[in-house]
Amino acid sequence: QDDEVIMPAVTFVATANAAAYLKAIPHFADSTEENFGIDVERLSKHLSAIALRQNDQVINRQTGRRIAAVVCMHTFGHPVDLDPLVELCKAYDLPLIEDAAEALGSTYKGRHVGNHGLMSAFSFNGNKITTTGGGGMLVTNDAELAARARHLSSTAKTPHRWEFYHDETGYNYRMPNLNAALGCAQLERLDDMLAAKRALAAHYIETLSGIDGIDILAAPGYGESNYWLNALVLKPENASLRDPLLGALNDNTFASRPLWNPMHLLPMYQDCPRMDLSVAESLFHRTINLPSSARLGRNISG
Ligand SMILES: *Cc1c(COP(=O)(O)O)cnc(C)c1O
């Protein structure tokens, strides 16, 4: 009830909603220009300014509330720099949750993302790299947490041959069999999808990166991206070109989109605690997501 959850302001709204559903309060962190993920160095400075160790807890001295967890998000499939983030979380004894919804198939130093914190979430929503129509997957290396998630996702029904007995308020969050069957078939195609996504990204990078005034977001050196979405980032002095460019692209059948509004600009999250979010706001004003369907990548690679 009185918990804060640190998460990037640059994310899809579902990240913040997940905390809000549990009556926790999002606490927004800024992003890096390099991969749009949480800026660990500046988060570390922010925490040392506001965090108070009390008993076994981390208290935000500005709000008096407990800081309960840190959530990172691998934006467009680009892995965040996990090692320093894991280290920072360890220093404060804060559990790390990866919102890996966009990042199935992405790796950090050779290891799949979603494997570096206490728990991770992947999405199989219709727009993601692998879909089951809807739904997703929780991942953890903690057997007790896995059992607890299974229990809660099946209405907290205790196992019995015929009795209907539920020992707490659970949820009907199991994946239906039909969706799971679709997911199994989709998984067989994951390598092809990744290859097509990466071919398309390589094409965008090759053809657009020479152009003055724009950058194309590429995977950081320490990891591989699934390139779920490609992003064109205007130089700050060109930010006013975002809307005309979006208009021209969409007029010419290139379905392009701006970045999500950063969370602190949404009405329900505008009063949440946060660190300086100037990078998040700047990225919002100059990012354009380009058409990123795997089909386009297949056409390029033949
Ligand atoms: C898609 C997405 C989600 C939500 O996943 P659903 O399966 O649609 O609930 C959460 N976080 C991020 C960053 C996403 O991109």
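Every number for a ligand or one of its atoms is a count from 1 in the order of the listing.
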Q | Subset of ligand 1 atoms that lie under 4.0 Å from at least one heavy atom of Gly135 | A | 7 (O)
Q: State yes or no: are the ring centers of Tyr165 and His160 separated by less than 6.0 Å?
A: no
Q. Taking the inter-plane angle between the rings of Phe36 and Phe76 on a 0 to 90° scale, is it parallel (under 30°), tilted (30 to 60°) or perpendicular (over 60°)?
A. tilted
(Q) Please report whether ligand 1 has a polar contact with Asp99, defined as an N or O pair separated by less than 3.5 Å (distance criterion only). (A) yes
Q. Looking at ligand 1, does any of its N/O atoms fall within less than 3.5 Å of an N/O of Ser123?
A. yes
Q: Give the residue, atom name and distance (to 0.1 Å) of the protein heavy atom nearest atom 15 (O) of ligand 1.
A: Glu102 OE2, 2.6 Å
Q) Is there a donor-acceptor pair under 3.5 Å between the side chain of Asn226 and the backbone N or O of Trp228? A) yes
Q) Are Asp142 and Arg148 within salt-bridge range, i.e. N to O under 4.0 Å? A) no
Q) Do protein heavy atoms approach atom 8 (O) of ligand 1 to less than 4.0 Å? A) yes
Q: With heavy atoms of Met73 as the reference, note each atom of ligand 1 found under 4.0 Å away.
A: 13 (C)
Q. Ligand 1 and Lys128, any nitrogen or oxygen pair closer than 3.5 angstrom?
A. yes
Q. Do Arg198 and Glu224 touch side chain to side chain, with heavy atoms closer than 4.5 Å?
A. yes
**Q.** Taking atom 10 (C) of ligand 1 as the reference point, the nearest protein heavy atom with its distance
**A.** Ala14 CB, 3.5 Å
**Q.** Atoms in ligand 1 flagged as close to Ala101, the criterion being non-hydrogen separation under 4.0 Å
**A.** 2 (C), 3 (C), 10 (C), 11 (N), 12 (C), 14 (C)
Q | Ring-ring centroid check His27 His46, cutoff 6.0 Å | A | yes
Q.
Is it the case that over 12 heavy atoms from other parts of the model lie below 6.0 angstrom from the CZ atom of Arg53?
A. yes
Q. Which of the atoms of ligand 1 are close to Asn125, meaning less than 4.0 Å from one of its heavy atoms?
A. 7 (O), 8 (O)
